[in-house]
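The shown structure was predicted, so the numbers you read here are calculated from the model rather than taken from an experiment.
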Amino acid sequence: MLRNRTLLAVSFAVFATYVGVGMVVPVRVLYVHEQGASLAIIGAMASAFLVSNFLFQYPVGWVADRWGRKRIMIIGLVSQAVITAAYLLVIDPAVFVVLRFLEGMASATMLSPARALIADNVPTEKQGEAYGIFGAFFSAGFVVGPAIGSLLATLNYESVFIGAVVARLAATVIAGLAIRDAYRRALPAGSEHARRVPSRELFSLPLIGAYILVFGDYLYIGFDQTLFSLWMHDKLGATIGIIGLAYIAFSIPNTLLSPIGGRLADRLRRSRMIFIFGGAQVPIYIMYGLLSSAWPVVALSAIHGAVYALTQPPVDAHLAASSVTDARARVQSIYSSIGLAGAFAGANGLPFLYGLDYHIPLFILGLAFGVCVLVGGLLIRASEARRLIPGPHMGAQPAPKPTQATY
């Protein structure tokens, strides 16, 4: 699997990108707050990013199915570098909201095409391992990024954003030189059309199960975007270094164990892994809510990262196996859009609960995630029982074939 050039190139490009993301995540809220942004503006920034990312996910997927995945990734990476640099030029705090909206638009061009490229270039029976490797590189970005960002932040916040720009430009070079877009090459000569896909192919039973799972999963992203740094800093007494360490603590076991989770997803029933390891995250969220100091969050984040490493690869492999070839980017974009809807719900609902009592948001988050794991996992289990998707529950099978193309 490590000899697959496109898998490695996509993974390295995503690693470099999320080094940049990880550098900024621990300090963005603190930086804009220092520049005069109120809590209302900080909340509006999170909402602007999530709304923009949500709105542009499907158009990006449609364009990626029409023009090819690599081209869209490169455009997005250059845009992200420019927008990140623009943070250093802001005078009016309200402009941060605009930048986050633009950043959400640019961010929509990364993960959906990247995941589609992996599905295009890896056989169905090995996609669990492939997405495990991809997930390891993704998580490694959040190991390296916060470490570098926290170190640079001891000098000044501006240096963090400069470093993030450099990381995005490095990802652009990797994507441009090393990724081979097999899907683009397979399009008919002169074709610039994406097939019209019936809604039943975009919202089949197996896919709906995955969509429900990602909605619950991304509720935490909403918490992370709006409250995590403030919760750690103001309520638990964490320094910037400890906040960065919490991200690193999650990412290290996630990086190390994701390939193992991927291999297991190619051998075991994926719904079983989702029930076991997805369900194991529910008490972790409850325990977060019970904490009153910062260091236990770091320890619990390490456990959470290990459990998550065994949850996400089977979901990714299931999603890829359930997608038809010439609509993969669109399926990935819908998956991301629904996840962002969950993040938006978290970003807007959880701060209200935080104002009542800072313990409550994590209790509610754990309960909601548990419901999504139960419902989504049951739909995926039903899909396996009906043999609607290829996977380890029914032996190696060919990937779903596209229906007759309509151009």
Side-chain angles (χ1 to χ4, degrees), residues 5-28 49-50 52-53 56-57 60-61 63-64 68-87 99-100 102-118 130-150 152 160-181 218 221 224-225 244 247-248 250-252 254-255 258 312 316 329 332-333 335-336 339-340 343:
R5 170 177 168 171
T6 297
L7 171 62
L8 290 181
V10 170
S11 298
F12 273 113
V14 166
F15 167 76
T17 300
Y18 283 91
V19 166
V21 173
M23 288 171 67
V24 173
V25 164
V27 304
R28 181 190 289 110
F49 176 87
L50 295 170
S52 174
N53 205 290
F56 285 93
Q57 281 291 335
V60 164
V63 173
R69 310 10 169 146
K70 174 180 174 178
R71 187 182 298 181
I72 302 305
M73 286 179 64
I74 291 174
I75 292 171
L77 286 167
V78 173
S79 300
Q80 288 180 50
V82 172
I83 294 165
T84 302
Y87 273 85
L99 285 180
R100 283 298 275 166
L102 296 175
E103 203 167 11
M105 184 190 311
S107 181
T109 64
M110 191 62 192
L111 288 182
S112 295
R115 293 177 188 274
L117 275 165
I118 293 171
Y131 283 111
I133 292 170
F134 174 82
F137 276 88
F138 178 88
S139 296
F142 277 106
V143 175
V144 177
I148 297 174
S150 298
L152 292 176
V160 178
F161 289 89
I162 294 171
V165 171
V166 173
R168 266 57 177 269
L169 294 178
T172 304
V173 172
I174 294 170
L177 295 180
I179 291 177
R180 294 176 177 174
D181 196 339
Y218 271 53
I221 301 298
D224 180 75
Q225 290 284 320
Y247 285 101
I248 295 170
F250 179 94
S251 299
I252 288 177
N254 192 262
T255 300
S258 283
Q312 194 57 41
D316 287 338
Q332 292 288 347
S333 67
Y335 176 80
S336 296
L340 288 165

Enquirer: Grab the two heavy atoms, one from Lys70 and one from Ile179, that are nearest each other, plus how far apart they are.
Expert: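 Where Lys70 meets Ile179 most closely, the heavy atoms are NZ-O, 3.1 Å.
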Enquirer: Side-chain contact test, heavy atoms from C-beta onward, threshold under 4.5 Å: evaluate it for Phe161 versus Leu152 and give yes or no.
Expert: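 Not in contact.
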Enquirer: Rounded to the nearest 0.5 Å, what separates atom CD1 in Ile118 from atom CD in Gln332?
Expert: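 Ile118 atom CD1 to Gln332 atom CD measures 8.5 Å (nearest 0.5 Å).
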Enquirer: Using every non-hydrogen atom in the two residues, find where Ala136 and Ser258 come nearest and quote the distance to one decimal.
Expert: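 Heavy-atom minimum between the residues: N-CB, 3.7 Å.
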Enquirer: Short question: side chain of Ser139, backbone of Ser251 - any donor-acceptor pair under 3.5 Å?
Expert: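 Answer holds: no.
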Enquirer: If you take all heavy atoms of Ala106 and Ser79, which pair is closest and at what distance?
Expert: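 Scanning both residues completely, I find the closest heavy atoms to be CB-CB, 3.9 Å.
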Enquirer: Donor-acceptor pair, distance only, cut-off 3.5 Å: does the side chain of Arg168 make one with the backbone of Val78?
Expert: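 Such a contact is absent between Arg168 side chain and Val78 backbone.
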Enquirer: If you compare all heavy atoms of Asn254 against all heavy atoms of Gly135, which two are closest, and at what distance to 0.1 Å?
Expert: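 Heavy-atom minimum between the residues: OD1-O, 4.1 Å.
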Enquirer: For the atom pair CD1 (Ile72) and CG (Leu77), what is the distance rounded to the nearest 0.5 Å?
Expert: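 The distance works out to 11.5 Å.
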Enquirer: Under 4.5 Å between any side-chain heavy atoms of Glu103 and Gln80, yes or no?
Expert: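 They are not in side-chain contact.
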Enquirer: Can you tell which of Ser333, Ser107, Ser112, Ser52 makes a side chain to side chain donor-acceptor pair (under 3.5 Å) with Gln57?
Expert: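 The passing option is Ser112.
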Enquirer: I need the minimum non-hydrogen distance between Ala178 and Arg5, along with the two atoms involved.
Expert: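 Closest approach of Ala178 to Arg5: O-NE, 3.0 Å.
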Enquirer: How far does CZ of Phe15 sit from OG1 of Thr255, to the nearest 0.5 angstrom?
Expert: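 Here the rounded value is 9.0 Å.
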Enquirer: Would you indicate whether the side-chain heavy atoms of Thr109 and Phe56 approach each other to under 4.5 Å?
Expert: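 When only atoms from C-beta onward are counted, Thr109 and Phe56 do not touch, as no gap falls below 4.5 Å.
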Enquirer: Side chains of Tyr87 and Arg100, heavy atoms from C-beta outward: is any pair under 4.5 Å?
Expert: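 Heavy-atom side-chain distance check passes, below 4.5 Å.
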Enquirer: Please report the shortest heavy-atom distance between Ile221 and Ala343, naming the atom on each side.
Expert: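 Closest pair (atom of Ile221, atom of Ala343, distance): CB-CB, 4.0 Å.
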Enquirer: Do the ring planes of Phe12 and Phe137 sit parallel (below 30°), tilted (30 to 60°) or perpendicular (above 60°)?
Expert: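 Ring orientation of Phe12 relative to Phe137: perpendicular.
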Enquirer: So, taking the atom named CG in Leu102 and the one named CD1 in Ile83, what distance separates them when rounded to the nearest 0.5 Å?
Expert: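 Nearest 0.5 Å value for the CG-CD1 distance: 5.0 Å.
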Enquirer: Give, for atom CD1 of Ile174 and atom CE of Met73, the distance between the pair rounded to the nearest 0.5 Å.
Expert: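 One finds 10.0 Å between CD1 of Ile174 and CE of Met73.
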Enquirer: With a 4.5 Å heavy-atom cut-off, do Arg115 and Asp316 have their side chains touching?
Expert: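 In contact.
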Enquirer: Are the side chains of Phe138 and Leu111 in contact, using a 4.5 Å heavy-atom criterion?
Expert: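 Of all side-chain heavy-atom pairs linking Phe138 with Leu111, at least one is under 4.5 Å.
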Enquirer: Rounded at 0.5 Å granularity, tell me how far OH in Tyr131 sits from CD in Gln312.
Expert: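 Between atom OH of Tyr131 and atom CD of Gln312 there are 11.0 Å.
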Enquirer: Could you tell me whether the side chains of Asp224 and Tyr247 share a donor-acceptor contact shorter than 3.5 Å?
Expert: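 On atom types as modelled, these side chains qualify, holding a pair under 3.5 Å.
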